[in-house]
There are 2 protein chains.
Amino acid sequence: MKVEKISDFTVYRLSIYLRCLDHLAVTGVTTTSSKALAHQFQLNSAQIRKDLTSFGDFGIRGVGYKVDELRNRLRKILGLYNVHRVGIIGAGHLGMALADYHGFPSNPFQVVALFDRDPSRVGGKSPQGIPIFTLNELKSVVAREDIAIGVLCVPAEEAQEMAALVIDAGIQAILNFAPVRLNIESGVKVKTMDLSMSFESLSYFLARRQPEVS
Amino acid sequence: MKVEKISDFTVYRLSIYLRCLDHLAVTGVTTTSSKALAHQFQLNSAQIRKDLTSFGDFGIRGVGYKVDELRNRLRKILGLYNVHRVGIIGAGHLGMALADYHGFPSNPFQVVALFDRDPSRVGGKSPQGIPIFTLNELKSVVAREDIAIGVLCVPAEEAQEMAALVIDAGIQAILNFAPVRLNIESGVKVKTMDLSMSFESLSYFLARRQPEVS
DNA sequence: AATTGTGAATTCCTTCACAGCC
DNA sequence: GGCTGTGAAGGAATTCACAATT
């Protein structure tokens, strides 16, 4: 086990490996190797080994990796044995969809509250029963419900202000869906998932290949 | 204008710059510089200039960049003056939310169809009126509606199969929300937005800082 | 024999620093 | 004077290739 700095790229790939192992486990595979993983999922075997060895020696030379064991270790490294309580800011379409989304395998992320500025939404619940609070209640609800992750589903103009609010409320990590670059001072971790960027990168690609023009 | 290969990182940053310029334009700023942009949005000025010059010389030495002109050029580079017609596979919560999502400034992405395997959903519409078709109709609707981008909002188990279907139907780019690594043969561009990965990277961060434990 | 774990080599990306221009 | 555009330098991330190990 090294003490070097782990890059975001590596952490990102750990998730990929975990997804691959989930798949293998479902298929009934009990042992695998970096070579087999690399081949099946279009990765580089040396990279898989390098990524894994930053966290300890998990493999058996000449044999490979036990799927179950590696899966558990990755879950542990990623902190997926802790439950993370989530609050969503913005109870519009996206916020509601995420609140009721159950797309995660063995989900340690529990959405426990929605928040909205619009009084007509406050007091209601998502279809699955997650309650909607006002922004005034943010601080107290975050404390009471022990919310660690805030998900921003608000328009671009409001995102910076909301980020400041949730940080002030004591939240430790933010997942931002608003198409803005957030300015964050404190030690809070921010991850931005910008849908417009994803679409635009596809658009760039489409613009640069006029396939059937002769 | 160079002919070098443009990396995904660069394209990604073009979107960031465009977002920043949108913001400046709203604020009424007409001229800016790489230094000002870098300072305000925590970027590196040399990188901004390098990224931009891969597509031509847009700036004026000693002065900087005209906000409007640069904005238009970036839009053009990213292909945002072409309208891109979008089909969404999977009319669950997420698919519906995306169909009716209008979070994009001056949106060139038009969602024109939803597709679902579940017969009880087929024939209906999203709240905003986007019709839901069966998967059997995929090929004909993609052709008729000239759909270029397919968005996968299906469970992990179905994603690979659906990817094959949309590619067969003639779609040219895929935005994948399913937590799987898709195996794509053809020249179709795939961008995966994996929510579980985002949450897991936050979880990793949270696991590695136990702040108020003494 | 097969596969891991890892230094060395390579490739790619970012930043520096300054010439060229307005 | 100030800013762009860019070659050169520096730093990171990836891949190679092989010694170590089962």
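Letters go in sequence order (proteins before strands), and every chain restarts at 1. Computed from heavy atoms alone, side chains included, the values below leave out hydrogens, waters and symmetry copies.
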Whole-Å distance, Lys50(A) NZ to dT10(C) C1', equals 12 Å
Worksheet item: Looking across every strand, which nucleic acid part, if any, lies under 4.0 Å from Ser7(A) by heavy atom: base, sugar-phosphate, or nothing?
Response: sugar-phosphate
I want to know whether Tyr101(B) and His93(A) have ring centres closer than 6.0 Å. no
In whole angstroms, the gap separating C1' of dA2(C) from CD1 of Ile60(A) amounts to 13 Å
When Phe58(B) and Leu43(A) are each assigned the nearest nucleotide of DNA chain D, the 5'-most assignment goes to Phe58(B)
Is a salt bridge present between Arg85(A) and Asp146(A), judged by a nitrogen-to-oxygen distance below 4.0 Å? no
Taken to the nearest whole Å, NZ/Lys5(A) to C1'/dA13(D) is 13 Å
Counting just side-chain N and O atoms, does Arg61(A) come under 4.0 Å of either OP1 or OP2 of dA19(D)?
no
Flag for Thr192(A)-Asp194(A): side-chain donor and acceptor within less than 3.5 Å: no
Against the side chain of Ser33(A), the closest entry in dT22(D), dT6(C), dT4(C) is dT4(C)
Whole-Å distance, Gln47(A) CD to dT11(C) C1', equals 13 Å
| request: Check every strand shown and say whether Ser34(A) touches a base, only sugar-phosphate, or nothing at a heavy-atom separation below 4.0 Å. | output: sugar-phosphate
Tyr65(A) vs dA2(C): side-chain N/O to OP1/OP2 distance below 4.0 Å:
no
From CG of Asp51(A) across to C1' of dT6(C) the rounded distance in Å is 13 Å
In whole angstroms, the gap separating C1' of dA2(C) from CG of Leu37(A) amounts to 16 Å
Are OP1 or OP2 of dT15(C) and a side-chain N or O of Arg49(B) less than 4.0 angstrom apart?
no
In whole angstroms, the gap separating P of dA19(C) from CG of Asp57(B) amounts to 19 Å
Report task. Kindly indicate whether the side chain of Val67(B), heavy atoms from C-beta on, has any atom under 4.5 Å from the side chain of Leu21(B). Result -> yes
| query | Within a strict 4.5 Å, meaning less than it, do heavy atoms of the Leu24(A) and Gln40(A) side chains meet? | reply | yes
The nucleotide from dT14(D), dA17(D), dT15(C) with an atom nearest the side chain of Ala46(B) is dT15(C)
- prompt: OP1, OP2 of dC16(C) versus side-chain N and O of Asn44(B): anything below 4.0 Å?
  reply: yes
When rounded to whole Å, the NZ to C1' distance for the pair Lys35(B) and dC16(C) reads 15 Å
